[in-house]
Amino acid sequence: MAKKIEAALFDCDGVIINSAADISDAVNATLKHYRMQQLSYAKLKTFVGNGARALIERAIRTSKGLPLDAPLPVDEKKCQEILDWYLRYYYSHAIIKTRLYPGFAAACKNLFDDGIKLGIVTNKPTNILLEILEYFGIAKYFGAPIGADKVKNLKPAPDGIFLALKILGVPANRAIMVGDSYTDVGAGHAAGTFTAACLKGMGDKKAMLAQKPEIVLGYASEIAPAILLANMAAKR
């Protein structure tokens, strides 16, 4: 990180917020509604990170006792109906058990006050993302909140990062993508940013570290002092 960092982009679930319980509850409410076998919290947690559609498809297959690469046991129309029901339920139950990760609000303020532009690139729907940011009082820090509905291709494709950087007016080689999964690190590298991996998140740590992030953190809040120190060194 020899160059000055002008923007920090964050994933949402597992990075900004610990949302696994609310997501799991919403998926199980959906499975129950459609008379399918409910799944454990531990299992559902592993399905998060590739967007709501992938989450629901994985839940349906597993509920039916099928491997994740098996053909979907419902037709497209039914799958969309189940997905829509899940999204409505989750939207109205997204902040029941969800919490910000330790120190994240303070880290946002420190970065923002130091002139670092902030964005979010998530495979989560934008309307739910914005509600969560407002609830926790941190929406004011983010100039580019990019949800799944804002781009054609989800992470690990770099589309969301490109859009966020365009809005923020920062080149990729002066930005860092902070995430907790291989999709985040992969998207960052595909876009040409630096990357940071959060070990305290919800993603598959082995797969994430295999993508060779430049920085490894515990919580995302730890990126604030790292950026500020790197930028001080870059000025010398």
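Hydrogens, waters and symmetry mates play no part in the numbers below; they use all other heavy atoms, side chains included.
Using a 4.5 Å heavy-atom cutoff, the side chains of Ile138 and Phe112 are not in contact. Tyr135 is not listed as a side-chain neighbour of Thr98, based on a closest heavy-atom distance of 4.5 Å or more. Thr62 is listed as a side-chain neighbour of Phe47, based on a closest heavy-atom distance under 4.5 Å. In this structure, Ile16 and Tyr101 have side chains that are not in contact, with every pair of non-hydrogen atoms separated by 4.5 Å or more. Under the 4.5 Å side-chain criterion, counting only non-hydrogen atoms from C-beta, Val121 is not in contact with Phe10. No side-chain heavy atom of Arg58 sits less than 4.5 Å from a side-chain heavy atom of Thr46. Inter-residue side-chain proximity for Ile176 and Leu9 is flagged as unmet; no heavy-atom pair is nearer than 4.5 Å. Using a 4.5 Å heavy-atom cutoff, the side chains of Lys140 and Leu133 are not in contact.
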Worksheet entry | side chain to side chain contact (heavy atoms under 4.5 Å, CB included) assessment of Ile120 paired with Ile146 | CA-CA 6 Å; Ile120 298 172; Ile146 308 299; over 6 Å; no

Item to complete: Decide yes or no on salt bridge (Lys or Arg N to Asp or Glu O under 4.0 Å) for Lys150 and Asp159, but give the supporting numbers first.
Response: CA-CA 9 Å; Lys150 298 293 185 181; Asp159 301 32; over 6 Å; no

Discussion item. Using side chain to side chain contact (heavy atoms under 4.5 Å, CB included), reason through Leu55 and Leu83 one step at a time and then give a plain yes or no.
Written reply: CA-CA 9 Å; Leu55 169 65; Leu83 174 61; over 6 Å; no

Item to complete: Kindly determine whether Asp11 and Val178 satisfy side chain to side chain contact (heavy atoms under 4.5 Å, CB included), including the steps that lead there.
Response: CA-CA 6 Å; Asp11 179 39; Val178 184; over 6 Å; no

Discussion item. I'd like to know whether Leu39 forms a side chain to side chain contact (heavy atoms under 4.5 Å, CB included) with Leu31, so could you lay out the CA-CA distance, the side-chain angles of the two residues, the decisive distance to 0.1 Å, and finally the verdict.
Written reply: CA-CA 9 Å; Leu39 304 173; Leu31 294 174; 4.0 Å; yes

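Under a hydrophobic-cluster definition in which Ile, Leu, Val, Met, Phe, Trp and Tyr are linked whenever side-chain heavy atoms come within less than 4.5 Å, directly or via other members, Ile223 and Tyr141 are assigned to the same cluster.
With hydrogens and angles disregarded, no donor-acceptor distance shorter than 3.5 Å links the side chain of Glu131 to the backbone of Ile128. Here the side chain of Asp184 pairs no donor or acceptor atom with the backbone of Ala197 at under 3.5 angstrom. A distance-only check finds a donor-acceptor pair linking the side chain of Asp180 to the backbone of Met202 [under 3.5 Å]. Between the side chain of Asn18 and the backbone N or O of Leu100 there is no donor-acceptor pair closer than 3.5 Å. No side-chain donor-acceptor contact under 3.5 Å links Gln80 to the backbone of Glu76. A donor-acceptor pair is defined here as one N or O able to donate and one able to accept, closer than 3.5 Å; such a pair exists between the side chain of Ser92 and the backbone of Tyr89. Counting only distance, with no hydrogens or angles, the side chain of Asn231 and the backbone of Ile5 share a donor-acceptor pair below 3.5 Å.
Between the CG atom of Asp13 and the CG atom of Leu129 there is a distance of 9.0 Å, given to the nearest 0.5 Å. Taking CG of Leu165 as the reference point, atom CD of Glu6 lies at 10.5 Å (rounded to 0.5 Å). A distance of 4.5 Å separates SG of Cys79 from CD1 of Ile60, quoted to the nearest 0.5 Å. Atom CD1 of residue Ile215 and atom CZ of residue Phe194 lie 8.5 Å apart, to the nearest 0.5 angstrom.
Nearest approach of Cys198 to Tyr219, heavy atoms of both residues: SG-C, 4.2 Å.
Pairs of residues two or more places apart, or lying in two chains, that qualify as side chain to side chain donor-acceptor pair (under 3.5 Å) and include a residue from residues 191-209 are His189-Thr195, Thr195-Glu214. Under the salt bridge (Lys or Arg N to Asp or Glu O under 4.0 Å) criterion, no residue pair touches residues 84-96, with sequence neighbours excluded.
With respect to Glu57 and Arg61, a salt bridge is recorded, a charged nitrogen being found less than 4.0 Å from a carboxylate O.
Side-chain contact annotation: Ser19 with Asp22, donor-acceptor N/O pair under 3.5 Å absent. A donor atom on one side chain and an acceptor atom on the other are found under 3.5 Å apart for Lys124 and Tyr90.
Annotation for Tyr41: atom OH counts as buried by contact number, over 12 foreign heavy atoms lying within 6.0 Å.
Note on ring orientation: taking the six-membered ring where Trp is involved, the planes of Phe104 and Phe142 are parallel (angle under 30°, cut-offs 30° and 60°).
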